[in-house]
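None of the values given here were measured: they were computed from a predicted structure. Chain identifiers are assigned alphabetically (A, B, ...) following the order of the sequence lines, protein sequences preceding nucleic acid strands; residue numbering begins at 1 within each chain.
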2 protein chains.
Amino acid sequence: MNTKAALNKRWQSGDNGLAIERLPAKESFKSRAYAALKEAITNMNIYGSDEPLLLDERDISERLGASRTPIREAVAMLEQEGLLRAVPRRGILVVRRTKAEVIEMIEAWAALESMAARLATARASDEAIAELRAFFKEFDLNRIERERCDEYSTANIAFHQALIRLSGSSLLAAMTDNLFFHVRAIRHRTIFEMDRAQRSASDHLEIIQAIEARDADRAERLVRDHTLRLARHVESHVNLD
Amino acid sequence: MNTKAALNKRWQSGDNGLAIERLPAKESFKSRAYAALKEAITNMNIYGSDEPLLLDERDISERLGASRTPIREAVAMLEQEGLLRAVPRRGILVVRRTKAEVIEMIEAWAALESMAARLATARASDEAIAELRAFFKEFDLNRIERERCDEYSTANIAFHQALIRLSGSSLLAAMTDNLFFHVRAIRHRTIFEMDRAQRSASDHLEIIQAIEARDADRAERLVRDHTLRLARHVESHVNLD
DNA sequence: TGCTGGTATTTGGTATGCCAAATTTCGACG
DNA sequence: CGTCGAAATTTGGCATACCAAATACCAGCA
């Protein structure tokens, strides 16, 4: 009976000494379809036109060389994630966020990242914070050659992601990644980064200093205000609907 | 051509004056399976035993009177939501959160709700805030007869949900609903509400007062500290792993 | 009795086919 | 020429069947 129990438990988290994991375990078509679709949506200029962007199951299944079933499962997941919406008898369309929704996302982002700053101030090691500063320096130096706002936006988001990871909370990282995905999508449409570029640089520096000084309240407030400023900017200068 | 364009647009968000929506539109098996599974998981005592809780596709499809296909799509959605995890050749298991994960959730909750308090302070009408107070009073009065911690926890969460809705951000509401779902699941296991009950009552009152006074910083701080206190309590008094 | 090896069974992943609803097409009629 | 409507087509939802992998079972052997 001990043998049976051992066998039944073998598939669970392998606590046995042998350090070999379930090899390759070629990912399923579902997973691959999910990744492929998400990648495609990421590289899609969602707000480039006003036409409804719609996908076709059969078309996708042909291109990916799989049947409709795994594609439908992947679509169901992306639907749950808020990236797609399947309209019966119409097609699967890529959702466009309204301006109000984007603002809500940025506000949620502000909430999560300011909490991350607070947690990072309390928990992150000096070494980790130093890495953040190093990252920022590199970011700042490269900023000169990065004139195109797309690239600046990417670097900007990367900085914020690094900051969030300092908190040690993988949940905060996951939630903000999701928000970044949507916010990033409108960077093709707007150039709101340009007039924020200079200000962002000093903002980032202040944030790092606050964390280094282990001033949780200040770090939290700086991050929150920094991101809420973006929300207000979008509110007044961006037109999506 | 104008006719065609009009026809092509009819299915989109009905901006036409006619205020009738696609009637019943009997929800798909996928949706029903999703709802049924989520309901089942909600009413399940996830942390009651240490055995892995696993579901069987064929069993579920039989019970719901549908084929495996829509069930699989529903499972894929719940998997994306983090409630289930499909292990090949093993079954679909209900995920148990580790203590660290639950703490991260409460911290994220603190982040989102404190932001909601800030936004509510700036945006909510006096009438809406008054409703919050009324809700709190009813809540407080009923508290006496609600000795069982389960029910107190439910009422407690309802109060926080009402507060979040005051912010007017449906995104914050959606994100916290998701977190509440997981946190609520461990209420069967722990009685951490009992010793927090008294303190919560006064905390809630202070929060309402801060919002009424339109003191955004104070409201935000009170909400944050209130929820972070729960996180620390779980950290030191709850054992899940 | 306990272990080994091979077979039977279970189970998730995928392909395929059908169906009903909705759209589009296109011809008849005013 | 525009409109109406019926047939043809498209398309997503669902059911079913099959497969390969992994487990469970069991006979046989030490």
Side-chain angles (χ1 to χ4, degrees), chain A residues 1-12 14 20-37 52-80 84-94, chain B residues 1-12 14 21-37 52-79 84-94:
Chain A
M1 56 198 334
N2 197 352
T3 305
K4 272 191 181 179
L7 284 174
N8 276 335
K9 273 191 136 184
R10 188 176 42 177
W11 64 276
Q12 291 181 354
I20 57 173
E21 281 304 318
R22 195 179 302 255
L23 46 135
K26 59 170 184 279
E27 53 186 348
S28 60
F29 277 116
K30 174 175 71 175
S31 309
R32 283 196 277 171
Y34 173 84
L37 282 174
L53 301 172
L54 45 84
L55 285 50
D56 179 52
E57 279 184 12
R58 288 172 168 87
D59 179 49
I60 296 172
S61 65
E62 280 182 17
R63 296 201 203 194
L64 292 181
S67 78
R68 287 172 53 213
T69 307
I71 274 75
R72 283 181 57 80
E73 291 175 2
V75 168
M77 288 193 286
L78 290 165
E79 209 175 343
Q80 182 69 17
L84 298 179
R85 198 159 69 91
V87 180
R89 307 305 173 300
R90 256 304 158 174
I92 302 144
L93 51 83
V94 182
Chain B
M1 57 200 332
N2 196 351
T3 304
K4 273 190 179 177
L7 284 173
N8 274 336
K9 273 191 133 182
R10 189 175 41 180
W11 64 274
Q12 290 181 354
E21 281 304 320
R22 199 178 298 255
L23 47 134
K26 58 172 188 283
E27 51 185 350
S28 61
F29 277 107
K30 175 176 70 176
S31 309
R32 282 196 279 170
Y34 173 83
L37 282 175
L53 302 171
L54 45 85
L55 286 49
D56 179 53
E57 278 185 11
R58 287 171 168 89
D59 179 50
I60 296 172
S61 64
E62 279 181 19
R63 297 201 204 194
L64 292 181
S67 79
R68 286 173 53 210
T69 308
I71 273 75
R72 282 181 59 79
E73 291 175 2
V75 168
M77 288 193 286
L78 290 164
E79 208 175 344
L84 298 179
R85 200 159 68 91
V87 179
R89 307 301 171 301
R90 254 305 156 175
I92 302 145
L93 52 85
V94 183

Validation row: B:L55, B:L37 side chains within 4.5 angstrom (heavy atoms): yes
Is the shortest heavy-atom distance from the side chain of B:M77 to the side chain of A:E79 under 4.5 Å? no
Choose from [options] the nucleotide whose nearest atom is closest to any side-chain atom of [X].
X     : options                : answer
A:P70 : C:dT14, D:dA15, C:dG17 : C:dT14
B:E57 : C:dG13, C:dT16, D:dT16 : C:dG13
A:F29 : C:dA15, C:dG12, C:dC18 : C:dA15

Interatomic distance where [atom1] belongs to [X] and [atom2] belongs to [N] [whole Å]:
X     : N      : atom1 : atom2 : value
B:K30 : D:dG12 : NZ    : P     : 11 Å
A:L84 : D:dG12 : CG    : P     : 12 Å
B:R68 : C:dG13 : CZ    : P     : 8 Å
B:L54 : D:dA22 : CG    : P     : 17 Å
B:E73 : C:dG12 : CD    : C1'   : 15 Å
B:E27 : D:dC14 : CD    : C1'   : 16 Å
A:R72 : D:dA15 : CZ    : C1'   : 12 Å
B:I71 : C:dG12 : CD1   : P     : 12 Å

Examine C:dT14: is either OP1 or OP2 under 4.0 Å from a nitrogen or oxygen in the side chain of A:S67? Give yes or no.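 Answer is no, no contact under 4.0 Å.
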Determine the minimum heavy-atom distance between B:G65 and B:F29, stating which atoms define it.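 Here B:G65 and B:F29 meet closest at O-CE2, 4.3 Å.
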Shortest non-hydrogen contact from B:A76 to A:E73?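 Minimum heavy-atom separation between B:A76 and A:E73: CB-O, 4.0 Å.
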Quick one: pull up CD1 in B:I92 and CZ in B:R72 and give me the separation to the nearest 0.5 Å. 7.5 Å
Go through the N and O atoms of the side chain of B:R58 and the base of C:dG12, and report whether any donor-acceptor pair is under 3.5 Å. yes
Classify A:A66 by what it touches in the nucleic acid, base, sugar-phosphate, or nothing, heavy-atom distance under 4.0 Å.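 Answer is sugar-phosphate: A:A66 comes under 4.0 Å of backbone atoms only.
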Relative to the 5' end of DNA chain C, which residue comes earlier, B:D56 or A:G65, by the nucleotide with the nearest heavy atom? B:D56
